[in-house]
Novice: 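I have a structure here, written as structure tokens, and I will follow up with some questions on it.
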Amino acid sequence: MKLDLLGSRRRTHYCGHLRPSHAGQKVFLAGWVARRRDLGSIIFLDLRDHTGVTQVVCRPEISAEAHHKAEDVRAEFVVGVEGEVVARTPDTVNPQIATGEVEVLAHRLLILNEAKTPPFPLDDEGRTSEETRLRYRYVDLRRARLQHHLRLRHRAAMAVREHLAGHGFVEIETPFLTRSTPEGARDYLVPSRVHRGHFYALPQSPQLFKQILMIAGFDRYFQIVRCFRDEDLRADRQPEFTQIDIEMAFPIREELFNIVEELIEKLFALVEVRVQRPFLRLPYGAAMERYGSDKPDTRFGLEWKLLTCPPELAEKLQLAALKALRVPKEAGMSRAQLDKLQELARTAGADWFSYAKVGQEALQSPLSKLSGDDVLQRLAGQVEARAGDLVLFLALKNSDTSDGGPPLPALRRLDEASGEIRLELARKLELLNSKTWNFLWVTDFPMFEYDPAEKRFAAMHHPFTSPREEDFDKLEFDPATVRARAYDLVLNGSEIGGGSIRIHRGDIQQRVFRVLGLTPEKARERFGFFLDALEYGTPPHGGIALGWDRLIALMCGESNIREVIAFPKTASAVDLMCDAPSSVEPEQLRELGLRLVE
RNA sequence: GGGGACGUAGUUCAGCUGGUUAGAACGCAUGCCUGUCACGCAUGAGGUCGCGGGUUCGAGCCCCGUCGUCCCCGCCA
């Protein structure tokens, strides 16, 4: 096919912008052919660009050449149209599209490029398999939905820059080729050609660089930055993802919260959501007890309560800890559903599950024979159960806390099971409102988490998080109870950010490393440059990182972050479009001093 | 590393208890059509049933293996 040249023609309007007020104007439009309707002696083309669609009319009596060319046009051809905007007669107006009151009468049609038949229809909204979409991502991205998401992402990034710059934050880039720090996630490694046998690592986050920028006197820093983690993927996890990374010197926690809350407020204004401020603050302990989660979804009630267990029941059942949840008006729940909850409780790690249905007169429960109705009444009373309610009980048995290890992991299991039951109930009872946006700060995380497999403590946030000052003395004697100055930002049950006030004193940093089982030698080997930097006048500092992909996905109403990333990877970390990762030439390996084994 | 779901035309899917020549819709091609806008009508092309092996007289269907995609657990300081 003979193609036309664009020449010096300049687009005068976008396809989605024409209105009756443009009638009579000569215009030049350019875009992709969304659809061709050939009625013989009249051919309609729907011309599309990112703003929308305009109907182009090709009639032989206006231009025989344009009409003739339109016969060859197919879907996704790139064309330019020179013509006149005309108002449609009332009976031909299309109210379904923004430009439906006008059309462009083609005086001249330029076929700028042809296109293969698209591998899938562009207007099918989510019916094409993701595999096919990702393979032909350039076609997929033409869809209005993805255009919207990525353009919103762009405007959101602009808002971030404007907001943070307005608060005195400076955007500074940090290296991608950096040093491996084996703590935390698996690193992506990049072999050095110049230094054979040595490797760079792609950053899991710019954590140490941003702290060093504080030491360097930059006072307030931010970056919209790519991070890399070589771990298994999920719907909300990609091997490379973006963070809004923020750090400030001489931090007041409330000031940081305020800056972030304001930012969130501005971001959600972009999608016409007014957020409630200030955000709720919830200590970690309360979150775990009441919601069974460190990222509670507070769009619905269903709060657990830790009960004081009547001794006779505790004795009989060997209960070590007992939680209860009042489910209003659900006394009618079926045995089958309750059995499912019991099964969930078991697999989620609780030792014991039971329930009571509150009637007008009496309680109905498998427990009543065992405990007697008065004991049951007292338990139900502790959660203020009323007639018609269902009360769920969840417990930990004695044997589990007496195995010598710290009792916390066991309690944690109970809490986590309670959290899963809570979420399952919310789904089953359809309590999740997609129009509600509940932000909250979870604060006062434990500093350390005991890892039974490795038989050591691990940092819950990261090893540069400051313990609360009043807990400094417990570092060596009771690390499990040391609280961190760490906080997470949570939205509707998703963690969208996390940060902390950092350690700015070398002595405290060394003590924390020691709790983590890092000898001074090991610490020096891994973080020597950072420990050195700490010695040269480190101001108190702290910050936060927001999960940008997750945040944008939530703003777009998407549950999968691939929908807000232009070129995402599959669950096995493959880019289906460019087929990465790939093998490389033997010469490339030779240069790097690498040899493949097996 | 583990569990679950899926894999059939370009796309989305159907395909019974293993039985003749594997179907539908959309898309595509060709022709007709002057007001369509998911145009319509007619005709037609299009299949490595993911791949390899096995069972069977016979496999899209059963078995084993393998690859790929999605979801979840572990993992993700």
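Keep in mind that the numbers below use all heavy atoms, side chains included, and drop hydrogens, waters and symmetry copies. Since the model is a prediction, treat every value here as computed from it, not as a measurement.
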Novice: Roughly how many Å apart are B/G23 and B/G44, using the P atom of each and rounding to a whole number?
Specialist: 15 Å

Novice: Under a 3.5 Å limit for both distances, which nucleotide forms a Watson-Crick or G-U wobble pair with B/G46, could you say?
Specialist: none

Novice: Could you state the CG-P distance from A/Asp294 to B/C76, rounded to the nearest angstrom?
Specialist: 14 Å

Novice: How about A/Arg127: does its CZ atom have over 12 heavy atoms from other parts shown lying under 6.0 Å from it?
Specialist: no

Novice: Between atom CG in A/Asp123 and atom C1' in B/G27, what is the gap in whole Å?
Specialist: 11 Å

Novice: Roughly how many Å apart are B/G47 and B/A9, using the C1' atom of each and rounding to a whole number?
Specialist: 5 Å

Novice: Check the distance between B/G74's P and A/Glu449's CD and give it to me in whole angstrom.
Specialist: 12 Å

Novice: Whole angstroms only, please: what is the CZ-C1' distance between A/Arg237 and B/C75?
Specialist: 7 Å

Novice: Under a 3.5 Å limit for both distances, which nucleotide forms a Watson-Crick or G-U wobble pair with B/G52, could you say?
Specialist: B/C64

Novice: How long is the span from the OH atom in A/Tyr221 to the OG1 atom in A/Thr174, to the nearest 0.5 Å?
Specialist: 4.5 Å

Novice: Roughly how far, to the nearest 0.5 Å, is the CZ atom of A/Phe353 from the CD1 atom of A/Ile421?
Specialist: 5.5 Å

Novice: Using a 4.0 Å heavy-atom cut-off, does A/Thr128 contact any base of the nucleic acid, only the sugar-phosphate backbone, or nothing at all?
Specialist: sugar-phosphate

Novice: Quick one: on RNA chain B, does A/Arg127 or A/Asn94 contact a more 5' nucleotide (nearest heavy atom)?
Specialist: A/Arg127

Novice: Provide the distance between the two P atoms, one in B/C64 and one in B/G27, to the nearest whole Å.
Specialist: 41 Å

Novice: Using only heavy-atom distances, determine whether the side chains of A/His149 and A/Arg143 contain a donor-acceptor pair under 3.5 Å.
Specialist: no

Novice: Let me know the distance between CD of A/Glu61 and P of B/U34, rounded to the nearest Å.
Specialist: 11 Å

Novice: Run the side chain to side chain donor-acceptor pair (under 3.5 Å) test against A/Ser205 and tell me which residues pass, sequence neighbours left out.
Specialist: none

Novice: Would you measure the distance from the P atom in B/C16 across to the matching atom in B/U20 and give it in whole Å?
Specialist: 11 Å

Novice: Base, sugar-phosphate alone, or nothing: which one does A/Glu495 contact when heavy atoms must sit under 4.0 Å apart?
Specialist: nothing

Novice: Considering only B/A29, B/U34, B/U36, which nucleotide approaches the side chain of A/Arg74 most closely?
Specialist: B/A29

Novice: Between B/U11 and B/C72, how far apart are the C1' atoms? Round to whole Å, please.
Specialist: 28 Å

Novice: Just checking A/Gln207: base, sugar-phosphate only, or nothing, at a heavy-atom cut-off of under 4.0 Å?
Specialist: base

Novice: Please determine whether a side-chain nitrogen or oxygen atom of A/Gln238 lies at a distance below 4.0 Å from atom OP1 or OP2 of B/C76.
Specialist: no

Novice: With a 6.0 Å cut-off (strictly less than), is the heavy-atom count around CZ of A/Phe199, excluding the residue itself, greater than 12?
Specialist: yes

Novice: Which residue, A/Arg234 or A/Arg229, contacts RNA chain B at a nucleotide closer to its 5' end, judged by nearest heavy atom?
Specialist: A/Arg234

Novice: With P as the reference atom in both, quote the distance from B/U56 to B/C75 in angstrom, rounded to an integer.
Specialist: 46 Å

Novice: Please collect all ring-ring contact (aromatic ring centres under 6.0 Å, His included) contacts where either partner lies in residues 36-66 of chain A, sequence neighbours excluded, each pair once.
Specialist: A/Tyr14-A/His50

Novice: For the residue pair A/Arg179 / A/Thr181, report whether a side-chain donor-acceptor contact shorter than 3.5 Å exists.
Specialist: no

Novice: What I want to find out is whether A/Arg483 reaches A/Asp444 closely enough, with some N-O distance under 4.0 Å, to be called a salt bridge.
Specialist: no

Novice: Kindly give the atom pairs (protein nitrogen or oxygen, nucleotide nitrogen or oxygen) under 3.5 Å for nucleotides 39-42 of chain B.
Specialist:
{"residue": "B/C39", "atom": "OP1", "partner": "A/Arg35", "partner atom": "NE", "Å": "2.9"}
{"residue": "B/C39", "atom": "OP2", "partner": "A/Arg35", "partner atom": "NE", "Å": "3.0"}
{"residue": "B/C39", "atom": "OP2", "partner": "A/Arg37", "partner atom": "NH1", "Å": "3.1"}
{"residue": "B/C39", "atom": "N4", "partner": "A/Asp38", "partner atom": "O", "Å": "2.4"}

Novice: Does anything in residues 564-578 of chain A form a salt bridge (charged side-chain N to carboxylate O under 4.0 Å, His left out)? List the pairs, not counting sequence neighbours.
Specialist: A/Glu240-A/Lys569

Novice: In Watson-Crick or G-U wobble terms, both distances under 3.5 Å, what is the partner of B/C33?
Specialist: none

Novice: Grab the CZ-C1' distance between A/Arg88 and B/U36 for me, whole Å please.
Specialist: 9 Å

Novice: To the nearest 0.5 Å, tell me how far A/Leu141 CG sits from A/Gln147 CD.
Specialist: 7.5 Å

Novice: Could you measure the distance from the CD atom of A/Glu449 to the CE atom of A/Met460? Nearest 0.5 Å is fine.
Specialist: 4.5 Å

Novice: Taking only the P atom of each, what is the distance from B/C73 to B/C62 in whole angstrom?
Specialist: 30 Å

Novice: Check A/Ile544 against A/Arg502 and note the closest heavy-atom contact, atom names and distance.
Specialist: N-NH2, 3.7 Å

Novice: Taking only side-chain N and O atoms of A/Ser41, does any of them lie within less than 4.0 angstrom of OP1 or OP2 on B/U34?
Specialist: yes

Novice: Just the table, please: protein N/O against nucleotides 67-70 of chain B N/O, every pair under 3.5 Å.
Specialist:
{"residue": "B/G68", "atom": "O2'", "partner": "A/Glu131", "partner atom": "OE2", "Å": "2.9"}
{"residue": "B/U69", "atom": "OP1", "partner": "A/Thr570", "partner atom": "OG1", "Å": "3.1"}
{"residue": "B/U69", "atom": "OP1", "partner": "A/Ser572", "partner atom": "OG", "Å": "3.2"}
{"residue": "B/U69", "atom": "OP2", "partner": "A/Ser572", "partner atom": "OG", "Å": "2.8"}
{"residue": "B/U69", "atom": "O4'", "partner": "A/Glu131", "partner atom": "OE1", "Å": "3.2"}
{"residue": "B/C70", "atom": "OP1", "partner": "A/Ala571", "partner atom": "N", "Å": "3.2"}
{"residue": "B/C70", "atom": "OP2", "partner": "A/Ala571", "partner atom": "N", "Å": "2.9"}
{"residue": "B/C70", "atom": "O3'", "partner": "A/Arg562", "partner atom": "NH2", "Å": "3.1"}

Novice: Where do N or O atoms of nucleotides 6-10 of chain B meet protein N or O atoms at under 3.5 Å, pair by pair?
Specialist:
{"residue": "B/G10", "atom": "O2'", "partner": "A/Pro119", "partner atom": "O", "Å": "2.9"}

Novice: In whole angstrom, give the distance that lies between atom NZ of A/Lys116 and atom C1' of B/G27.
Specialist: 16 Å

Novice: Tell me if the OH atom of A/Tyr200 is crowded by more than 12 foreign heavy atoms within 6.0 Å.
Specialist: no

Novice: In whole Å, measure the gap between the P atoms of B/A24 and B/A45 for me.
Specialist: 12 Å

Novice: Between atom CG in A/Leu45 and atom P in B/G35, what is the gap in whole Å?
Specialist: 17 Å

